[in-house]
There are 2 protein chains.
Amino acid sequence: MACPIEVTVNLLGDKWKVLIVRNLLLGGTQRFGELNRGIDGVTQKVLTQQLRQLESDGLVARKIYPEVPPRVEYSLTELGHTLKPIFEAMHSWGTSYLELRGA
Amino acid sequence: MACPIEVTVNLLGDKWKVLIVRNLLLGGTQRFGELNRGIDGVTQKVLTQQLRQLESDGLVARKIYPEVPPRVEYSLTELGHTLKPIFEAMHSWGTSYLELRGA
DNA sequence: CCCATTGGTTACCTCGCGGTAAGTATATGA
DNA sequence: TCATATACTTACCGCGAGGTAACCAATGGG
């Protein structure tokens, strides 16, 4: 009998994963380089690692175009899109927080 | 111009913090030992650290009773309670996920 | 008299995260 | 002919997060 919140945390409980999903929710399908530039402070290696985990957890889809130079596009799966309410709640909370703490 | 989601992640972006707040939301005010026993796998040291951070971020309140043996109670602040929608979203998502992946 | 209780703090040590940088493959452009 | 761009993968390495365990304080109970 697992706790649903613990399940969610185990899949999404990494700072970078949250930011990756945020970018894909807001910006739609993106190439590796776009994500790399869009997420402040993340390195290539870590971005690759996190994307692989998100992919194996079924939240993110990876599409490779057999071109040279290579092109790889990342997008949310159907399951990934169902995370949206969580991000709306976080967005809403973060906005209120910034207003309170006088941004 | 900070991203609201990034703000939220910076305050709550640690696995243990999420589980601490979950326990306080579900169980109300709790003593240190209760939290320690209620959160699987956390050590005293880390629990103390995370509670201190949550306290200094204004999400958790700490009340000390000058007794021996000591008694310390933790509860959510008003601000801490406003996190509830995020946890409801995570709970809801985790539940659906468990149904899909056949728990 | 001595031990358990409670909520810490502290010292020590290990392990793994994450950063840096180099390697890879190939078609295009200079 | 050779550098370049792209999206990685891999090897190496250092540092800090986190685990373990000992210590503390004062009282009540055996």
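Throughout, a chain's letter reflects where its sequence line sits, starting with A, and its residues are numbered from 1.
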> Let me know the distance between OH of A/Tyr74 and C1' of D/dA7, rounded to the nearest Å.
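Atom-to-atom, A/Tyr74 to D/dA7, this comes out as 8 Å.
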> Is a side-chain N or O of B/Ser92 found less than 3.5 angstrom from the main chain of B/Glu88, in a donor-acceptor match?
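No, B/Ser92 side chain to B/Glu88 backbone: no donor-acceptor pair under 3.5 Å.
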> Please report, rounded to the nearest Å, how far the C1' atom of C/dC17 is from the NZ atom of A/Lys17.
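It is 13 Å, rounded to the nearest whole Å.
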> One pair to check against side chain to side chain contact (heavy atoms under 4.5 Å, CB included): A/Leu54 and A/Lys17. What are the steps and the verdict?
CA-CA 7 Å; A/Leu54 288 171; A/Lys17 288 187 187 172; 3.9 Å; yes
> Rounded to whole Å, how long is the line connecting atom CD of B/Gln49 with atom C1' of C/dG7?
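That distance rounds to 15 Å.
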> Send over the distance from B/Glu67 CD to C/dG8 C1', rounded to a whole Å.
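These atoms are roughly 15 Å apart.
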> Round to a whole Å and report the spacing from CD of B/Gln44 to P of C/dT10.
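After rounding, the reported distance stands at 14 Å.
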> Do any N or O atoms of the protein come closer than 3.5 Å to N or O atoms of nucleotides 25-27 of chain C, and which pairs are they?
none

> Can you tell me which nucleotide in D/dG18, C/dG8, D/dC8 comes closest to the side chain of A/Thr48?
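Between D/dG18, C/dG8, D/dC8, the one nearest the side chain of A/Thr48 would be D/dC8.
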> Check each residue of residues 51-66 of chain A for a non-hydrogen atom within less than 4.0 Å of any atom in DNA chain C, then write out the ones that pass by number, or none.
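Contacting residues: none.
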> Using a strict cut-off of less than 4.0 Å between a Lys/Arg side-chain nitrogen and an Asp/Glu carboxylate oxygen, indicate whether A/Arg62 and A/Glu73 qualify as a salt bridge.
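A salt bridge is absent here (no side-chain N lies under 4.0 Å from a carboxylate O).
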> Rounded to the nearest angstrom, tell me the gap between atom CD in A/Gln50 and atom P in C/dG18.
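It works out to 6 Å between those atoms.
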> Ignoring hydrogens and geometry, is there a side-chain-to-backbone donor-acceptor pair from B/Thr8 to A/Met90 under 3.5 Å?
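The answer is yes, because a donor-acceptor pair under 3.5 Å joins these two groups.
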> Check whether B/Asn36 reaches the backbone of B/Phe32 with its side chain - one donor and one acceptor, N or O, closer than 3.5 Å.
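Not confirmed, B/Asn36 side chain does not pair with B/Phe32 backbone.
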> Nearest 0.5 Å please: distance from the CZ atom of B/Arg37 over to the CZ atom of B/Arg31.
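Going from the CZ atom of B/Arg37 to the CZ atom of B/Arg31 covers 8.5 Å.
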> Can you spot which of A/Ile39, A/Val42, A/Leu25 makes a side chain to side chain contact (heavy atoms under 4.5 Å, CB included) with A/Ile20?
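Of all the options given, the one that passes is A/Ile39.
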> With distance as the sole test, does A/Thr77 use its side chain to make a donor-acceptor pair with the main-chain N or O of A/Leu59 at under 3.5 Å?
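Looks like yes, one N/O pair under 3.5 Å.
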> Can you give me the closest heavy-atom contact between B/Leu98 and A/Pro4, atom names plus distance?
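What the structure gives for the nearest pair is CD1-CA, 4.5 Å.
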> From B/Arg71 CZ over to B/Lys63 NZ, what is the distance, rounded to the nearest 0.5 angstrom?
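Separation between the atoms: 8.5 Å.
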> Between B/Leu100 and A/Leu12, is there a shared hydrophobic cluster once you connect ILVMFWY residues whose side-chain heavy atoms come closer than 4.5 Å?
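B/Leu100 clusters together with A/Leu12.
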> Just how far, in rounded Å, is C1' of D/dA17 from CH2 of B/Trp16?
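Those two atoms, CH2 and C1', are 13 Å apart.
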> Measure NZ/A/Lys45 against P/D/dA11 and give the value in whole Å, please.
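My rounded result for the distance is 11 Å.
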> Measuring to OP1 and OP2 of C/dG18, would you say a side-chain N or O of A/Thr43 lies under 4.0 angstrom away?
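No, because none of the side-chain N or O atoms of A/Thr43 sits under 4.0 Å from OP1 or OP2 of C/dG18.
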> Could you say whether B/Val46 or A/Glu73 is positioned toward the 5' end of DNA chain D, judged by the nucleotide with the nearest heavy atom to each?
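Counting from the 5' end, the first nearest nucleotide belongs to A/Glu73.
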> What residues from residues 30-38 of chain B pass a heavy-atom cutoff of under 4.0 Å to DNA chain C?
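Residues of residues 30-38 of chain B under 4.0 Å from DNA chain C: B/Arg31, B/Phe32, B/Gly33.
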